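Nothing here was measured: the structure is a model prediction, and the numbers come from that model. First the proteins, then the strands, lettered A, B, ... as listed; each starts at 1.
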2 protein chains.
Amino acid sequence: MSEHNVKQNHATGVRHAQVTRDLMEGIASGRFPVGSLLPTEFELCGLYGASRHTVRVALDELVQLGLVSRRKRAGTRVEARTVPGSYRQSLASLEDLVQFGTARAREVQSTGEVTADPALAEALGCAAGSRWLRVSSLRLNGQADAPPVGWTDVYVDPAYADMPDLARTSPAILISTLIEERHGRRIAEVHQDVAAVALPDRLAGPLQAEAGSPALRVVRRYLDPAGEVFEISDTIHPAGRFTASSRLRRGRE
Amino acid sequence: MSEHNVKQNHATGVRHAQVTRDLMEGIASGRFPVGSLLPTEFELCGLYGASRHTVRVALDELVQLGLVSRRKRAGTRVEARTVPGSYRQSLASLEDLVQFGTARAREVQSTGEVTADPALAEALGCAAGSRWLRVSSLRLNGQADAPPVGWTDVYVDPAYADMPDLARTSPAILISTLIEERHGRRIAEVHQDVAAVALPDRLAGPLQAEAGSPALRVVRRYLDPAGEVFEISDTIHPAGRFTASSRLRRGRE
DNA sequence: GTTTAAGATATGTCCGAACATAACGTCAAG
DNA sequence: CTTGACGTTATGTTCGGACATATCTTAAAC
């Protein structure tokens, strides 16, 4: 169909990972607008030269990430997940899809190199002496009068100095994907921890909530095949602003 | 609504769901002790007379539920997920696996029919006038000196009057499975919401935490193919007692 | 016009097969 | 005893095919 500029970058990893990556970028870039329908499985087979099983594995990953929904349809296609109007969103897609819509802005607050903070390092589950590039951003809901839904700190390996800039224009969920593409570091696993915490003092102002009030903390770690963490995202949501939804067993949306 | 107390094996649902169900029961019953290794995929094929693909789909579900972990092995088998020593557990497996070990006790606090509580109904995402059988239980960590990790209210359709009794002896995660088996109501989907809340006053005592302090609320809804909710579980974890871990993309444990 | 029925379509489920690869066990070499 | 090489083994990945089923579209019937 389209020009389909083949970015033969690294051809990293397995086939279904390539499909997953390309579809993620397609959704992020607007090639597959949020709310639209993806090509059918068979069409994707043709597009990527992969078998249907491989395509389905890729779609499974996207569903698990909350980026697309699936349902039986007829004469139509798989639906790219719509951004819900409420604050109820997928754990994986929130901090990413919130900014997918063109009108949904975010503010990148700061960037810099982070030296070891023992308490923070433990919360993030990384070595105490490790150093990271940090990109902080305020998560908005798209509605002008609504308070922010969260605050995200993204930490990347200092070796990837180009990432902080990209983080300003790319959805957070794509950062690890960009590292994968540009630096050839494959994503082997993504772990996620969710916990209740007291809202830190420093975030009380930006998030317009009382310090010490209940908040949700979501920490994600991206690991390469060697098991080494090369990216961490740390998001804090004040209570009531955000409900993380996920589907434990497959079903329609 | 037919309420037959038939325990005939309905052979409900699709093949991989049967395999999933049986393995869940096997893990819960101790047939596959926590920490042990499940039969290999090929052995499971023989056991259930299913293809490897079907077995893998079933295992995928169990991994997503946090009940088993997978990794490449040699001359050995898939490892049934161990109950972590720390408070860090899978969202799906916590309230269930916590009690899998024989030494891990729980206390069933109350049982009764629940009439509509508007606030609760909204929090649970069910109709305001709906009625449910409630089974409350305190979640313990197995360590005598450790404070409880959470409080769970399980709500089931009043038609299933046998469930509250079963809930006392069966892991919470199996209740919906038991309904599926004994009443033929298939689980089509399971939705899960996670949010930060202030600890309710009534739970401050049992959970040994300050009322109003940060807490994690996990609500799960079990839906049948018609989209009707027939079970709800509502768990509240005080901050610091519990970190919910999940794996967004497949990887070893 | 509204409702029903039939056909078309895409996803869900299931099977079989093959090779790649990571882990493990073993055994020989240092 | 420790280390390294190597074969074994089970899972990861990929392909192919087939039928079931939900859903949409269209046409017919009332």
Side-chain angles (χ1 to χ4, degrees), chain A residues 11-21 23 36-64 68-81 186-189 223-228 247 249-253, chain B residues 11-21 23 36-63 68-81 186-189 223-227 247 249-253:
Chain A
T12 312
V14 286
R15 189 78 137 267
H16 66 75
Q18 298 172 23
V19 177
T20 301
R21 214 165 49 216
L23 290 177
S36 69
L37 299 176
L38 292 182
T40 67
E41 295 179 354
F42 286 110
E43 286 172 338
L44 292 174
C45 292
L47 282 173
Y48 295 104
S51 74
R52 189 175 163 223
H53 178 70
T54 300
V55 167
R56 282 182 64 82
V57 170
L59 288 174
D60 282 342
E61 283 192 272
L62 293 175
V63 169
Q64 201 176 350
V68 305
S69 59
R70 312 176 84 173
R71 52 182 294 195
K72 282 193 181 181
R73 286 180 177 274
T76 162
R77 295 113 193 277
V78 173
E79 183 181 12
R81 188 191 189 85
R186 222 187 81 211
I187 310 172
E189 5 180 359
L223 291 80
D224 63 17
E228 195 177 354
R247 195 167 30 254
R249 288 171 77 158
R250 62 173 110 261
R252 63 164 174 276
E253 172 89 2
Chain B
T12 312
V14 287
R15 188 80 133 258
H16 66 76
Q18 298 173 23
V19 177
T20 301
R21 215 166 47 217
L23 289 177
S36 70
L37 299 176
L38 291 183
T40 68
E41 295 179 352
F42 286 110
E43 286 172 339
L44 291 174
C45 292
L47 282 172
Y48 294 105
S51 72
R52 188 172 165 227
H53 175 71
T54 301
V55 167
R56 282 181 64 83
V57 170
L59 288 174
D60 282 342
E61 282 191 271
L62 293 175
V63 169
V68 305
S69 58
R70 312 176 83 172
R71 52 182 296 193
K72 281 193 180 181
R73 285 179 175 276
T76 162
R77 294 112 192 278
V78 175
E79 184 181 11
R81 188 192 191 84
R186 221 187 83 210
I187 309 171
E189 4 180 359
L223 292 79
D224 63 18
R247 195 166 32 254
R249 288 170 77 158
R250 62 171 112 261
R252 64 170 173 275
E253 173 89 1

A.B. asks: Should Leu23(B) and Leu44(B) count as side-chain neighbours, where that means a heavy-atom distance under 4.5 Å?
C.D. replies: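 Yes, side chains in contact.
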
A.B. asks: Rounded to whole Å, please give me the gap between CG in Leu37(A) and P in dT25(D).
C.D. replies: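 Rounded to the whole Å, the gap is 11 Å.
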
A.B. asks: Just how far, in rounded Å, is P of dA18(C) from CD of Glu41(B)?
C.D. replies: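 So the two atoms are 18 Å apart, to the nearest Å.
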
A.B. asks: Roughly how bent is the helix from dG1(C)-dC30(D) to dG30(C)-dC1(D) end to end, in steps of 10 degrees, with each end axis from five pairs?
C.D. replies: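 It works out to 30° between the end axes.
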
A.B. asks: Could you state the CZ-P distance from Phe42(B) to dG16(C), rounded to the nearest angstrom?
C.D. replies: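 The distance from CZ of Phe42(B) to P of dG16(C) comes to 11 Å, rounded to the nearest Å.
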
A.B. asks: Would you tabulate the pairs of protein nitrogen or oxygen atoms and nucleotide nitrogen or oxygen atoms of nucleotides 14-18 of chain D closer than 3.5 angstrom?
C.D. replies:
from    : atom 1 : to       : atom 2 : distance (Å)
dT14(D) : OP1    : Arg15(A) : N      : 2.2
dT14(D) : OP2    : His16(A) : N      : 3.2
dC15(D) : OP1    : Arg15(A) : NH2    : 3.4
dC15(D) : OP2    : Ser51(A) : N      : 2.7
dC15(D) : OP2    : Ser51(A) : OG     : 3.0
dC15(D) : OP2    : Thr54(A) : OG1    : 2.5
dA18(D) : N6     : Arg52(A) : NH1    : 3.4

A.B. asks: Round to the nearest Å and state the distance from Gln18(B) atom CD to dT13(C) atom P.
C.D. replies: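 Checked: the CD to P distance equals 13 Å.
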
A.B. asks: Using side-chain heavy atoms (C-beta onward) and a distance below 4.5 Å, is His53(B) in contact with His16(B)?
C.D. replies: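 With C-beta onward as the side chain, the pair stays apart.
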
A.B. asks: Has Thr54(B) got a side-chain atom pairing as donor or acceptor with Ala50(B)'s backbone, closer than 3.5 angstrom?
C.D. replies: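 The answer is no, because no donor-acceptor pair under 3.5 Å joins these two groups.
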
A.B. asks: How close do Leu59(B) and Val68(B) get, heavy atom to heavy atom, and via which atoms?
C.D. replies: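 Smallest interatomic distance, heavy atoms only, reads O-CG2, 4.3 Å.
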
A.B. asks: Please name the pair of heavy atoms, one in Pro39(B) and one in Leu47(B), separated by the smallest distance, quoted to 0.1 Å.
C.D. replies: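 The pair with the smallest heavy-atom distance is CG-CD1, 4.1 Å.
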
A.B. asks: Got a second to check how far Gln18(A)'s CD is from Arg15(A)'s CZ, nearest 0.5 Å?
C.D. replies: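 Nearest 0.5 Å value for the CD-CZ distance: 6.5 Å.
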
A.B. asks: Please name the pair of heavy atoms, one in Cys45(A) and one in Ser51(A), separated by the smallest distance, quoted to 0.1 Å.
C.D. replies: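 The pair with the smallest heavy-atom distance is SG-C, 3.6 Å.
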
A.B. asks: Does Arg56(A) put a side-chain nitrogen or oxygen below 4.0 Å from OP1 or OP2 of dT11(C)?
C.D. replies: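 Answer is no, no contact under 4.0 Å.
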
